[in-house]
Amino acid sequence: MRLSRPLLDRAARDRLDALISPFDGPVAVAMSGGGDSVFALRAAAEWGRGRGREIVALTVDHRLQAASAAAAAFVHDAAAALGLTARTLSWADAAAGPGLQARARAARHRLLAEACRDAGARVLVLGHTLDDQIETVAMRLARTASARGLAAMSALAPSPAWPEGRALAVARPFLDRRRAALRAGLAAAGATWLEDAANDDAAFERVRVRRRLADLAARGFDDAGLARVAAAAARADAEERAAAAQIVARCVVREEGAARLTSWRRPGAPSAAYPRALEAVLHGVSGRISAVDRGALVRLEKALAAALDPAPPVEKPTATLAGVRAV
């Protein structure tokens, strides 16, 4: 079935080309049934037809709401109307309680990564918008000042699921588009979508932040400035990441099940790049990409730097972090 009206302008089509074309095989799209994900699926379908690419819709049933089965059925119907197949993934261990959103997000990415692997897809398209980016930056401003944290979401990033997401990329082609613009495009195309009741539940931090931002915008606050903060932070983060990569290349020798540091701090590299480099070493040895406690990482890096300093030797540090023993 052909779309009643094209959704993609040239800029959006070029962005999809840049983000998705490098990955061969089917293209997976995560779809909840909400407006952003419906737009993502329809846009991907339009792009895929022009490129001869297979598009697969994936939806996760968290089993936390009575309407979750109906939402999954809506996704299947929406995909079928576009001539696409859809697959429902169920979160078997779903349970309400503390940290629900974080647990649901982790389960969602794990299930999506597994389904992508089964489908032969190397890239997963998400429907995040500029509004999502702004909200994420606002939340992170409350608890971080690092470039890494404020960089928020990237247009292209590795899957956060490990090890299920190994070799899977996550693409967010619409981070430069407002949520309202996507819905306007859907309405003009005659498309429908679902409204998630959780988006009005003030028990969730994102909903509270969204309401505060709306209040500020009504008073003249330019919330798009937060997206510019994310862009500037992303540039700084990329510089730090590149400096960390140079440190690892210069100072680390990979051995069987271990990594040996031949030297460490030298003038020139930003000081923040050294803990970042050590984190990469820990991940490389452990085979995991889970977050490392920042305070413990900084303390271990300082101890290693002191032990490797050519000045009078100090006692070598002994510690275990991220499943790796430093001696």
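Keep in mind the model is a prediction, meaning the values are calculated, not measured.
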Residues passing the side-chain contact (heavy atoms from CB on, under 4.5 Å) test with Leu194, sequence neighbours excluded, are Ala71, Phe74
Run the salt-bridge test on [X] and [Y] with the 4.0 Å N-O cut-off and return the result as yes or no.
X      : Y      : value
Asp118 : Arg87  : yes
Arg172 : Asp132 : no
Arg53  : Asp24  : no
Glu135 : Arg140 : no
Arg276 : Asp237 : yes
Arg49  : Glu54  : no

Pair Asp17-Trp47, side chain to side chain donor-acceptor pair (under 3.5 Å): steps then yes or no = CA-CA 8 Å; Asp17 276 334; Trp47 176 86; 2.8 Å; yes
From CA spacing to verdict: side chain to side chain donor-acceptor pair (under 3.5 Å), Glu164, Trp162 | CA-CA 5 Å; Glu164 298 88 354; Trp162 189 265; over 6 Å; no
Here the gap from Cys251 atom SG to Gln246 atom CD, rounded to the nearest 0.5 Å, amounts to 10.5 Å
Contact check, side chains of Val27 and Val56, non-hydrogen atoms, under 4.5 Å = no
Evaluate whether atom CZ of Arg105 has more than 12 neighbouring non-hydrogen atoms of other residues, nucleotides or ligands under 6.0 angstrom away.
-> no
